[in-house]
Amino acid sequence: MTAEARQAGPNGIAEQSFDVPENPTVVSSRREFLGGALAVSSLALSGLREAAVAQPAPQPASAPPKIGEISSSGGRLRAVITIKNADRMMPGDSGAFERKTMVRYFEGKDASGNVVWPPQTPAGMVPPPLPGPTLRAQVGDQVEITFLNHVRVDEFAGSLDKAEEGDPLGCDGSKDGVTGKDLYPQEAGDRAPVCFHGSSTANIHWHGTHVTPDGLGDNVLLHLRPNPQVTEELIQKDIEEIFREGPPTTWLSLRPEWRERQKALLKEHDRTAIWKGVRGALPPELHLWPATEKLIERGLWPQYQIGAFPYCFKLTRFGDTNQDGKPYAMGQCPGTHWYHAHKHGSTATNVLNGMVGVFIIEGAEYDGALRNIDPRLKQTEKVLIVQNFGEAPNLLSRRVPNLLWVNGQLRPTITMQPGEVQLWRFVNASIRAVNTLLGFAPKNGAAPEIRQIAQDGVQFSFDNYKNQPHLRGSAAGIPPLNTFAPGNRVDLLVKAPLQKDSYEFRVTDTTIALTESLLTLRVEGDPISPAMAFPSDTERSRYLPFPSFLTDIDPSEIKIWRKLDFGWEPNRTTPGLNTALPIPGAKFMINDKQFSGGRYDQTMVLGDKEEWTLTNSTATIAHPFHIHVNPFQVVEIYDPNASDQLYKPGKNFVWHDVIAIPPARLDANGSLLLDPKTGKALDPGYVKIRHPFVDFAGSYVLHCHMLAHEDRGMMQLIRVIRGDQGVPSHQEDVTVPHH
Amino acid sequence: MARVDIKRVLVGAVEKVIFDPSTVQALQGEAIIWRNLDPKASHRLTLKGKDEDFWFDRLLAPFVEGQIPDVTMPGIRFFAPGSFPYVCTEHDDGEGEIEIT
């Protein structure tokens, strides 16, 4: 790290240190680590860093750490995000840090070159895993992210990017040391490319953004391979020019120096890669440059890039015009969004390692309006990212990470004054936990109140704010919907009661049927003054304005209906390994097919509005459906196993970009009810959605946001084509085997 | 740390291949890998007393300065505690040990 990088950022975050011994004889609790870290941070600002490192101050109940933020300025969100790897103390089932594990993580530098996140680690210390930096921009800003992949693939134990070196199955893998028996992928029956593989190759999905899926936008077909030699200094001049010129529409309009460097790097890879233990022996059919060259010759974007990628896109403002001079049909919704690694085959491993971050997009209709109602709502806002941590998914690591961490801390405590109202922005960045938000447990007759004001970064209309369709259970004794699945964001206004006490905020992790406390709200101090209240739910004019592009989609505008079934192979009744079946591991499929790069499963015409019925034919797992680029409206949810089976509001539909599809009906013994003729679920759960495919043509994906399911096949490659154009897009999936 | 480096060192006037660390400690279920930092030879590791391709069906490529070293694949996992000696099938310089706790 450079001397400049050591300088504290504007909020002093870069000075934070962790006090975790390399070989702890007594395993301390998570709270003590981060309590110590926070104490260090505050002392560091007063110039007492040495003393602080030597004397960490554990706190009995700590606030969730504030994740370092990088904010836009002058209409540009400028940052450098680098994937690095290092040892982290991984928690066991109890939450104690029990083992040092090599993981990949996001390092974030701001526009001045300061490392904002993660906190600096003193020599000899091994810190706990953490999410990536929080990004904050405004609707209308241009996003300019230099993305570097500096992973050292030879330093990994749990998940390796070595499959392309000659392993016949092409997957990450493991063997039993005593028996020599192959564990993964053989045990599960997985085969490349529908398996965990290429775990150090990555890209970033800008989850919740309404931007192009092409080129330098929300391009998840990108395979950015690691190369630590491609440094920021090497590419800085080109990056500056690319960002100054703005997003190019084609690869050939990108700066020639950039294109030539990538060509040289790809050729170097093909010349020096190891194949079956011999350096430089990679067979020609596995070379990356020829496949890349073919795409470029066709006027498309290359899929493989090495070391660096310049993300550059505009957060569209409703009312602005696109490159053709036409107004956008939708705008970017201001709200709580996020970003995470999304290369097929490495998504689950990377996200489990912590390659995620919150992306707050601010705008007048949401943040601005809340600030106008009461400026304190903005000042005290909490950004809370919920994760599981692990080295690799359970089929590889044989560990199921169940604990839910909030900003890298287990069950933190948030303190509020009696009567205070705060905005809490929750992001579910877990790879597997489909949660129901139960809210606060009452204590001595009092409980904090909650009101949901946004789902998946899209603000609620006045009617939904008033009716609270997702949390209605709190009033009517009906369970709330499972609206906090992996990928979901929920914004809550929380009002502390006047009674000083500590209140548990509970969630139910539906897959493992575990209700637990996510965090504690401690109410203490003097009552807030002047008094605070929730925004009005009686006077529409005093509530937040609702953007016109978010009104209900008119059913008469729907021209296309589709059905997508999230299922597995016939006669399977449980998700676990079943040796009685021809392939023991569940094959997670959509419409009876596993993901296949190069095959388009759905093609939509730009500008169309469609209604889809998403069914779930599996047992016990509520697969969270996610589609990129455009949000959708949820019009109906059927849960065959719930007493309140049908959610059908009729109007004022809530916008989502992830929705958990309820699993199929179980019989009285708790087994999946099968149709004996077909071996398939007799009564699947379903969700009906309506979505507009507007503004952006191109190729992207829909998938289950339980990311191990996505990597193992529950994904579709889709495209939106322009009705007036033969060429579908600038990006196609031409995955080279073993990558 | 479940990673072992294979290195070539001078012991007196004689070159010797060593495992660093010579005893690798890992938790049950934790994966272990080896990477070849020896620029002069290929290596292949196996549990002592077992067939040469018991763990790996290929050799680890020699190390080339400036390039990423070759690493064993897949990762080896032990699910019971104990000590497990291992050797290189291509060389008889010495043996390493895996200690599972």
Side-chain angles (χ1 to χ4, degrees), chain A residues 22-23 87 90 92 98-102 126 151-169 171-186 200 226-229 268-269 272-281 391-392 394 396-399, chain B residues 1-6 24-37 39 41-47 50-86 90 98-101:
Chain A
E22 185 160 10
N23 293 302
D87 282 324
M90 221 27 99
E98 63 176 28
R99 63 189 190 280
K100 198 165 72 171
T101 302
M102 183 64 67
V126 181
V151 173
R152 298 276 323 193
V153 297
D154 57 313
E155 294 185 349
F156 278 85
S159 59
L160 295 164
D161 186 18
K162 305 298 288 181
E164 67 267 35
E165 295 186 3
D167 180 81
L169 295 173
C171 305
D172 291 352
S174 58
K175 270 176 190 278
D176 185 313
V178 174
T179 63
K181 190 184 157 213
D182 294 311
L183 298 175
Y184 187 83
Q186 291 84 350
S200 295
N227 187 337
Q229 315 296 330
E268 185 199 11
H269 165 271
T272 61
I274 295 171
W275 177 254
K276 296 193 175 179
V278 183
R279 190 173 291 282
E391 59 176 321
N394 60 326
L396 263 171
S397 69
R398 303 209 154 190
R399 290 189 176 94
Chain B
M1 166 59 78
R3 189 176 67 228
V4 186
D5 288 339
I6 307 165
V24 59
Q25 292 179 329
L27 295 168
Q28 290 178 47
E30 195 172 2
I32 306 165
I33 58 161
W34 288 263
R35 63 177 180 180
N36 189 6
L37 298 182
S42 303
H43 298 280
R44 170 160 43 192
L45 308 167
T46 192
L47 201 60
K50 294 280 189 182
D51 190 67
E52 68 170 28
D53 56 3
F54 174 73
W55 280 347
F56 307 110
D57 59 3
R58 67 170 180 85
L59 293 163
L60 285 174
F63 178 60
V64 176
E65 194 65 45
Q67 301 282 348
I68 290 169
D70 200 2
V71 181
T72 53
M73 175 71 199
I76 301 297
R77 295 173 193 275
F78 291 80
F79 298 96
S83 289
F84 303 92
Y86 66 92
E90 313 298 304
I98 296 160
E99 201 175 287
I100 303 297
T101 52

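Residue numbering restarts at 1 for every chain, and letters A, B, ... go by the order of the sequence lines.
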- line: If one checks every heavy atom of F54(B) against chain A at 4.5 Å, the contacting part turns out to be both
- prompt: Is it the side chain or the backbone of V278(A) that comes within 4.5 Å of chain B heavy atoms, both, or neither?
  reply: backbone
Under 4.5 Å from any heavy atom of chain A - which part of L60(B): backbone
statement: Taken to the nearest 0.5 Å, the spacing of E30(B) CD from T101(A) OG1 works out to 5.5 Å
- prompt: So which part of L59(B) gets closer than 4.5 Å to some heavy atom of chain A, the side chain, the backbone, both or neither?
  reply: backbone
R279(A) portion near chain B, given a 4.5 angstrom heavy-atom threshold: both
query: Where is the tightest heavy-atom contact between R398(A) and F79(B), given as atom of each residue plus distance?
result: CD-CE2, 3.3 Å
- prompt: Nearest 0.5 Å, what's the CG-CD distance between D5(B) and E155(A)?
  reply: 9.0 Å
message: As an exercise, state the distance from NZ of K100(A) to CD of Q25(B), rounded to the nearest 0.5 Å.
response: 10.5 Å
message: Nearest 0.5 angstrom please: L27(B) CG to R399(A) CZ, how far?
response: 6.5 Å
Under 3.5 Å: donor-acceptor pair, side chain of R77(B), backbone of L396(A): yes
- prompt: Under the salt bridge (Lys or Arg N to Asp or Glu O under 4.0 Å) test, which residues partner D176(A), sequence neighbours left out?
  reply: none
field: Side chain to side chain, F63(B) and D154(A), heavy atoms closer than 4.5 Å
entry: no
- prompt: Y184(A): what forms a ring pair (Phe, Tyr, Trp, His ring centres under 6.0 Å) with it, not counting sequence neighbours?
  reply: F196(A)
- prompt: Can you check whether R58(B)'s main-chain N or O pairs, donor with acceptor, with K276(A)'s side chain at less than 3.5 Å?
  reply: no
field: Over all atoms of both residues, closest heavy-atom pair of V153(A) and I68(B)
entry: CG2-CG2, 3.7 Å
- prompt: Picking from G180(A), A273(A), G277(A), which has the most non-hydrogen pairs under 4.5 angstrom with chain B?
  reply: G277(A)
